[in-house]
A.B. asks: 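Structure provided below as structure tokens; questions to follow.
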Protein chains: 2
Amino acid sequence: MKTVRTGSNMSAIAAALGVSAATVSNALSGKGRVSPELVEKVRAKAAELGYVPSLTARALRTGRTGVLGLVLPDIANPLFPQIAQAIENAAANAGFGVLIADSRGDIGQQTEAINRLLERGVDGMVIVPRRGTRIADVGCPVAVIDTPSTPGNTVSADHWDGGAQMGRHLAALGHRKVLLIGTGSSSNVQNDRIGGLKAGLGADVECETLWIEKVEALSGKGCPLGLAAKAKAGFTAFAAVSDLSALRALTELQRAGIRVPEKVSVTGFDDLVWSPVVTPALTTMRMDMAKIADLAVAALTGAIEAAGGIEPGMAGKVASGRDRVPMQLVVRQSSGVPNSHAQTSTIKPTAGELTR
Amino acid sequence: MKTVRTGSNMSAIAAALGVSAATVSNALSGKGRVSPELVEKVRAKAAELGYVPSLTARALRTGRTGVLGLVLPDIANPLFPQIAQAIENAAANAGFGVLIADSRGDIGQQTEAINRLLERGVDGMVIVPRRGTRIADVGCPVAVIDTPSTPGNTVSADHWDGGAQMGRHLAALGHRKVLLIGTGSSSNVQNDRIGGLKAGLGADVECETLWIEKVEALSGKGCPLGLAAKAKAGFTAFAAVSDLSALRALTELQRAGIRVPEKVSVTGFDDLVWSPVVTPALTTMRMDMAKIADLAVAALTGAIEAAGGIEPGMAGKVASGRDRVPMQLVVRQSSGVPNSHAQTSTIKPTAGELTR
DNA sequence: GGACCCTGCTTAAACGTTTAATCAGGATAG
DNA sequence: CTATCCTGATTAAACGTTTAAGCAGGGTCC
């Protein structure tokens, strides 16, 4: 009938000590006026009885569930593990649980997922919006993880600057004709990264952008991207805007017999799981997910605190406004000086510290 | 102070109709004895007022939170998105929410994560255990997703049979000397897959197993695995027990100028995101995560139902015992007849239906 | 025509907290 | 000596449901 609660509740420990339940509550929360000695006795008894507060009852009384919602555009996204892990960690540190909701890429499902979370009474939610979606006013504090160029209460990596760093890296290596590879132009994140790349490469470098979705619309999903031809045409660097695309580029080029990085360079974004273990290991940009998650959760807890007494209309705004967290360039073996005959020595093992 | 509830509760709609709150409850749940006409009126009024039941209050009264916990060994695992998505979906269909907990690979953190979930009052939990971990008796129904050879209430893919299928596939192609690649021998899943592979390949095929962790213990993380040498030694197939290892093998071989699949074949397991888009696209085994999740959630809901009135000691056992779900062979371009000079025509695009 | 059952509803308690209001008593102030 | 304040506790209500128990009235059975 009930979940197997340890049976000991506040009344039990109150009875054991001959005091009232309210006093126990005050003693444990440190809120009311309770003598220090009694506080000690209560603490001891609670520990002895293995008392575990009922978060449900507390939620009912206070209206706060202590749970944050995490809305993801598509859990199958390979970046998701990083996000979820970071958010879960940050939330746990702040004493919150994390309820997940997958919107399966569908925009309708996204609002439905949000509603499910609301019905469950989450105190706030962090939303990673589906590409191009704007989050309407939900009935609770919301933190959006996207890109700074998205309007709203956003915290995110500085994708533009990340692109710029990567652009400068490639330019410094001597690349003068580089192909930028993205999946689709509807993504704010990808657009920012590409904008940054162009800026970082500078005016002297010739750029062309290839959108995978466009190619696939013509030739079918998973089709070859024709990168070997691009290499023949003089492109010496292939800067993908995601590690998944970078991997695709890398394998396609290798398969065509074009050596990376001696002949051409390939770079990615996000430092996904496989980036350090492929050969050659991918040069990529890493986001500081832990910091992003901390900021998002901090913004939420702040808004939740502040929501005490404020009219519903005002809730939903996360104070912090916009935060952008710098990205970090991770240089591995897939980028190098173009058309170098210098064998890159023996490929040295990468420090494989995936877990930040 | 409170989460922004729409303000309308049962009492509101009871008052509006001049009946008691209990009647409203009965009408909406269909439990007590209420006249059909009144049920209709209550429904209408509820809709009109935009009534949303307080799951918190219900949880307090019934002892059921309607939330399932999902414990993962390491969210960063690339297989995780599939699991989480499937579980979330199955749980949502069954009317449950999903609370996540990451044990960060640490065994201590695993029990701690479980405790956090228990305190939050989850009705049950599905656990993907850390390699080699056995789940102790928690205080609630538990479904374990691992491998059938793990003792306990397990539901999982039939990893052994998956290995056997893959083994038969390679043997049928004519491979007679194959290298099996796993990360570490402490994983039940990987051991099952390797056992299946050996069985599927049959007695005529020469096998050798390479454990990545062992190699890395000597040469450092992310070091080359020396696969080119293995190819020279006559191995024509590299059957990895995970797509991540397969990808590592594929890129290492390609980089060494060994053509896949003309010269050697490479196969993986799990059909992870990148498998269809690398060149050549990976031949792999897919698990039917949706079915696994359905079984796990069904087992849990069953146990939760049944837990009404049973002594705590008996709870925790999931009735279904063990379920094993068949895996599906996905043949793409990375496997073929060994040492064939027949160029595999033009590499045809794979049907990229990632989403099962 | 009385005993009995069925229907449709109400009353009241309970779940385990938090918290506002109250209160007894001692100390302090005037 | 009384009015006031502070301290350390208690009482009671409240959060929004669910559910066991009760009850009034009409029908049925013999």
A.B. asks: Sort me out a list of protein N/O and nucleotides 21-26 of chain D N/O pairs below 3.5 Å, or just none if empty.
C.D. replies:
none

A.B. asks: If you compare all heavy atoms of Val325(A) against all heavy atoms of Leu295(A), which two are closest, and at what distance to 0.1 Å?
C.D. replies: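 Where Val325(A) meets Leu295(A) most closely, the heavy atoms are CG2-CD1, 3.7 Å.
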A.B. asks: For Asn26(A) and dT10(D), what is the distance between atoms CG and P respectively, to the nearest whole Å?
C.D. replies: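 Spelled out: CG on Asn26(A) to P on dT10(D) is 10 Å.
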A.B. asks: Has Ser25(B) got a side-chain N or O lying under 4.0 Å from the OP1 or OP2 atom of dT17(D)?
C.D. replies: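 The answer is no; no side-chain N or O of Ser25(B) sits under 4.0 Å from OP1 or OP2.
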A.B. asks: Whole angstroms only, please: what is the CE-C1' distance between Met10(B) and dC9(C)?
C.D. replies: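 The distance from CE of Met10(B) to C1' of dC9(C) comes to 15 Å, rounded to the nearest Å.
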A.B. asks: Find out whether Ile304(A) and Leu68(A) are in side-chain contact, i.e. whether some heavy atom of one side chain is under 4.5 Å from a heavy atom of the other.
C.D. replies: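 Side chain of Ile304(A) against side chain of Leu68(A), heavy atoms only: contact under 4.5 Å found.
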A.B. asks: Is the shortest heavy-atom distance from the side chain of Lys41(A) to the side chain of Leu17(A) under 4.5 Å?
C.D. replies: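 Yes. Closest side-chain heavy atoms under 4.5 Å.
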A.B. asks: Compare the minimum distances between each of dT17(C), dG8(D), dT11(D) and the side chain of Ser35(A), then state the nucleotide with the smallest one.
C.D. replies: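 Looking only at side-chain atoms, Ser35(A) lies closest to dG8(D).
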A.B. asks: Tell me if a side-chain donor or acceptor on Ser156(A) pairs with a main-chain N or O of Arg324(A) at a distance below 3.5 Å.
C.D. replies: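 Looks like no, no N/O pair under 3.5 Å.
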A.B. asks: How long is the line joining CD of Glu119(B) and P of dT17(C), in whole Å?
C.D. replies: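 Rounded to the whole Å, the gap is 12 Å.
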A.B. asks: Toward the 5' end of DNA chain D, which comes first, Ala57(B) or Gly18(A), by nearest nucleotide?
C.D. replies: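 The 5'-side residue here is Gly18(A).
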A.B. asks: Give a yes/no answer on whether the side chain of Ser20(A) brings an N or O atom under 4.0 Å of OP1 or OP2 in dA9(D).
C.D. replies: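 No, outside the criterion.
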A.B. asks: Which of these nucleotides, dA9(D), dT10(C), dT17(C), is closest to any side-chain atom of Thr23(A)?
C.D. replies: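 Of the candidates, dA9(D) comes closest.
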A.B. asks: Rounded to whole Å, please give me the gap between NZ in Lys41(A) and C1' in dG8(D).
C.D. replies: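 From Lys41(A) NZ to dG8(D) C1': 13 Å.
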A.B. asks: Nearest to the Tyr51(B) side chain among dA12(D), dT17(D), dA12(C), which nucleotide is it?
C.D. replies: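 Of the candidates, dT17(D) comes closest.
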A.B. asks: Going by side chain to side chain donor-acceptor pair (under 3.5 Å), name the pairs with one or both residues in residues 15-31 of chain A, residues two or more places apart or in two chains.
C.D. replies: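 Qualifying pairs, neighbours excluded: Ser20(A)-Thr23(A).
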A.B. asks: Between P on dG16(D) and CG on Leu28(B), what's the gap in Å once rounded to a whole number?
C.D. replies: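 Nearest whole value for this atom pair: 16 Å.
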A.B. asks: In this structure, how many angstroms lie between the C1' atom of dT10(C) and the CG atom of Leu38(B), rounded?
C.D. replies: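 Nearest whole value for this atom pair: 12 Å.
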A.B. asks: How many whole angstroms separate atom CD of Glu40(B) from atom C1' of dG8(C)?
C.D. replies: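 It works out to 17 Å between those atoms.
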A.B. asks: Of Ser29(A) and Glu37(B), whose closest DNA chain C nucleotide lies nearer the 5' terminus?
C.D. replies: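 Here Glu37(B) is the residue nearer the 5' end.
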A.B. asks: The side chain of Leu60(A) lies closest to which of these nucleotides: dA9(D), dA12(C), dC15(D)?
C.D. replies: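 So the nucleotide nearest the side chain must be dC15(D).
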A.B. asks: With the threshold set at 4.0 Å, does a side-chain nitrogen-carboxylate oxygen contact exist between Glu119(B) and Arg116(B)?
C.D. replies: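 No, this pair does not count.
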A.B. asks: Salt bridge between Glu48(B) and Lys45(B), side-chain N to carboxylate O under 4.0 Å?
C.D. replies: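 A salt bridge is present here (some side-chain N lies under 4.0 Å from a carboxylate O).
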A.B. asks: Nearest-Å distance, NZ (Lys31(B)) to P (dT10(C))?
C.D. replies: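 Spelled out: NZ on Lys31(B) to P on dT10(C) is 19 Å.
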